[in-house]
Amino acid sequence: MRGNTVVGWFFPIEMSVAAAYPIYMYCSEWKNGFWKPVIERVGKKCYLQEKPVACFLQGMLIYFVGKLLELLSLLVVAWVSKAPITIMNNGWQEHPIFYMIIVSFSTSMAAGFWSSLAFLLASWQMDLFIAIIIPLTGYVCLTYLLPWDLVNIASLKIFPDSIWMGLGYSILLFGILSLGCIVLSRRLLARRVENEHVA
């Protein structure tokens, strides 16, 4: 795997962990029939529109909060040891915390896309294992086949001279991919609801 091997391997694992909770709740909701009273309460249209978006936001939020806790731990360790916090990007040496927050937001967008993709697969098969393993396997395969990988895009390294261009590219790419997954998920979910004869 290109780049930092440790980061390259932990990146998809972190994405999968962030997606696991919303997908688990979604699959449990369907396997136990909890989705029926939800549709009766909020309406079929609202359920189909909001459920995939909620999964995207949950995955993104879980990852972002995790990164903020990691940053907080780093700050505590730096404060206790009285060691300075440094980053590799020379243009942001004076604002390392702000830089890390921006990168965390970008990687959280990737986590949101990962959750949306897992939701799409869960809507297709309604299986937590398939929904989590297929994106993980696909990521590893595509990283070897394609000239770029999600780690560099999400961590804003694709444009090393401009963090803002990298952030814009990351938001645009993961936003479009997430939107595509959400649209397809709604269609699969609508078909699944119709098959259950819900008015």
One pair to check against side chain to side chain contact (heavy atoms under 4.5 Å, CB included): Ile182 and Phe119. What are the steps and the verdict? CA-CA 8 Å; Ile182 288 171; Phe119 186 90; over 6 Å; no
Please answer whether the main-chain N or O of Gly175 pairs with a side-chain N or O of Ser178 as donor and acceptor at a distance below 3.5 Å. no
Output the distance between atom OG1 (Thr137) and atom CD1 (Ile130), rounded to the nearest 0.5 Å. 11.0 Å
For the student: nearest non-hydrogen atoms of Ile153 and Ser106, plus distance: O-OG, 4.0 Å
For the OG atom of Ser170 and the CE atom of Met165, what is their distance to the nearest 0.5 Å? 13.0 Å
Is the backbone of Phe34 close enough, under 3.5 Å, to the side chain of Asn32 for a donor and an acceptor to pair up by distance? no
Heavy atoms, side chains only, cut-off 4.5 Å: are Asp127 and Cys27 in contact? no
Can you tell me if Tyr21 and Gln58 form a side-chain donor-acceptor pair at under 3.5 Å? no
So do the side chains of Trp114 and Pro12 get within less than 4.5 Å of each other, counting heavy atoms only? yes
Test of understanding: clusters of I, L, V, M, F, W, Y form through side-chain heavy atoms closer than 4.5 Å, transitively. Do Ile39 and Leu48 belong to the same one? yes
Are side-chain heavy atoms of Leu136 and Tyr139 found at a separation under 4.5 Å? no
Here the gap from Phe105 atom CZ to Tyr63 atom OH, rounded to the nearest 0.5 Å, amounts to 13.5 Å
Ignoring hydrogens and geometry, is there a side-chain-to-backbone donor-acceptor pair from Ser185 to Pro52 under 3.5 Å? no
Minimal non-hydrogen separation, Pro22 against Ser115, with atom names: CG-OG, 4.5 Å
Determine, stepwise, if the pair Leu68 / Phe64 fulfils side chain to side chain contact (heavy atoms under 4.5 Å, CB included). CA-CA 6 Å; Leu68 289 183; Phe64 188 67; 3.5 Å; yes
Sub-4.5 Å side-chain heavy-atom contact between Leu120 and Ser116: no
Rounded to the nearest 0.5 angstrom, the CE-CG distance for Met25 and Leu128 is 12.0 Å
Check for me, please, whether Val42 and Val193 land in the same ILVMFWY cluster - side-chain distances under 4.5 Å, paths through other members count. yes
Is the shortest side-chain N to carboxylate O distance from Glu29 to Lys51 below 4.0 Å? yes
Spacing of Tyr47 atom OH and Lys36 atom NZ [to the nearest 0.5 Å]: 11.5 Å
Hey, are Glu70 and Lys67 close enough for a salt bridge, meaning a charged N less than 4.0 Å from a carboxylate O? yes
Looking just at side-chain N and O atoms, do Tyr26 and Ser123 make a donor-acceptor pair shorter than 3.5 Å? yes
Closest approach of Ser104 and Thr107, non-hydrogen atoms and distance? O-OG1, 2.9 Å
When you look at Trp30 and Leu189, which way does the side chain to side chain contact (heavy atoms under 4.5 Å, CB included) test go after all the steps? CA-CA 11 Å; Trp30 270 82; Leu189 190 54; 3.6 Å; yes
Single-linkage hydrophobic cluster, 4.5 Å side-chain cutoff, Phe98 and Leu167 together: yes
Taking all atoms of both residues into account, what is the closest heavy-atom pair of Cys181 and Phe113, and its distance? SG-CE1, 3.9 Å
Common cluster, Leu177/Leu179, ILVMFWY with side-chain heavy-atom separation under 4.5 Å: no
So how far is it from Arg186 CZ to Gln49 CD, rounded to the nearest 0.5 Å? 4.0 Å
Measure across Ile171 and Met109 and return the closest heavy-atom pair with its distance rounded to 0.1 Å. O-CE, 3.8 Å
When you group the ILVMFWY residues by side-chain heavy-atom contacts below 4.5 Å and let the links chain together, are Phe174 and Trp164 in the same group? yes
